[in-house]
Amino acid sequence: MPRPKNLSPRERVPGWPETPTEDAVAEVARRFGMNLRAELQGVSLREAASRCGVDHTTIFSILDGRSWPELETIAKLELGMGVSLWPVHDGTTEVNAT
């Protein structure tokens with residue numbers, strides 16, 4: 001039996017990226033993307049990609065909610081940008097097993 005398709009963050013969050021969601025997993029992705037967007041102010045995607053050692057299309061795909069960032073990509077972005085991008089869990093949203 002084939003695995004069900006894993007929806008992209010954008011598909012799980014109507015109004016991506018501005019609108020918060022009760023889908024806890026998608027909310028983490030949304031907040032990660034918002035944190036990344038805030039850190040990129042004044043920095044081109046190509047410059048950030050070069051600094052972080054990832055492809056600029058990967059950064060764009062994360063910002064656009066078309067892909068789930070891999071752990072290696074998250075680490076490279078945080079190290080390259082010199083900041084923590086992972087959202088702090090506030091304990092208010094339950095994790096949906098979707």
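In this text, all values refer to a predicted model and were calculated from it rather than measured experimentally. All values below were derived from every heavy atom in this structure, side-chain atoms included, with hydrogens, water molecules and symmetry-related copies excluded.
Note: His56 NE2 to Ser61 OG = 11.5 Å, rounded to the nearest 0.5 Å. To the nearest 0.5 Å, atom SG of residue Cys52 and atom CG of residue Leu45 are 10.5 Å apart. Residue Thr73 holds its OG1 atom at 9.5 Å from CD1 of Ile59, rounded to the nearest 0.5 Å. From Ser8, atom OG reaches atom CZ of Arg66 across 9.5 Å, with rounding to the nearest 0.5 Å.
Between Met34 and Glu39 there is no side-chain heavy-atom pair separated by less than 4.5 Å. Looking at heavy atoms from C-beta onward, Arg30 lies out of side-chain contact with Pro9 at the 4.5 angstrom threshold.
Here Arg12 does not pair with Glu27 in a salt bridge; the nearest charged N to carboxylate O distance is not below 4.0 Å.
Hydrophobic clustering (side-chain heavy atoms under 4.5 Å, transitive across Ile, Leu, Val, Met, Phe, Trp, Tyr) keeps Val54 apart from Trp68. Note: the hydrophobic cluster containing Phe60 also contains Leu36 (ILVMFWY, side chain heavy atoms under 4.5 Å, direct or indirect links). A single hydrophobic cluster is seen to contain both Val28 and Ile62, as judged by linkage of ILVMFWY side chains at heavy-atom distances under 4.5 Å, directly or through other members.
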Donor-acceptor contacts under 3.5 Å from residues 74-85 side chains, at least two apart:
unit_1: Lys76; atom_1: NZ; unit_2: Glu72; atom_2: OE2; d: 3.4
unit_1: Glu78; atom_1: OE2; unit_2: Leu85; atom_2: N; d: 2.7
unit_1: Glu78; atom_1: OE2; unit_2: Trp86; atom_2: N; d: 3.0

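Open room surrounds CD on Glu70; 12 or fewer heavy atoms of other groups in view lie less than 6.0 Å from it.
Val88 approaches Arg31 most closely through the heavy-atom pair O-NH2, 2.6 Å.
Within the 3.5 Å criterion, the main-chain N or O of Pro69 finds no donor-acceptor partner in the side chain of Ser67.
Judged purely by distance below 3.5 Å, without hydrogens or angles, the side chains of Ser50 and Glu47 never pair a donor atom with an acceptor atom. A donor-acceptor pair shorter than 3.5 Å can be found between the side chains of Thr57 and Asp55.
Annotation for Trp16: hydrophobic cluster partners, listed by chain and number, are Val13 (ILVMFWY side-chain heavy atoms under 4.5 Å, direct or chained).
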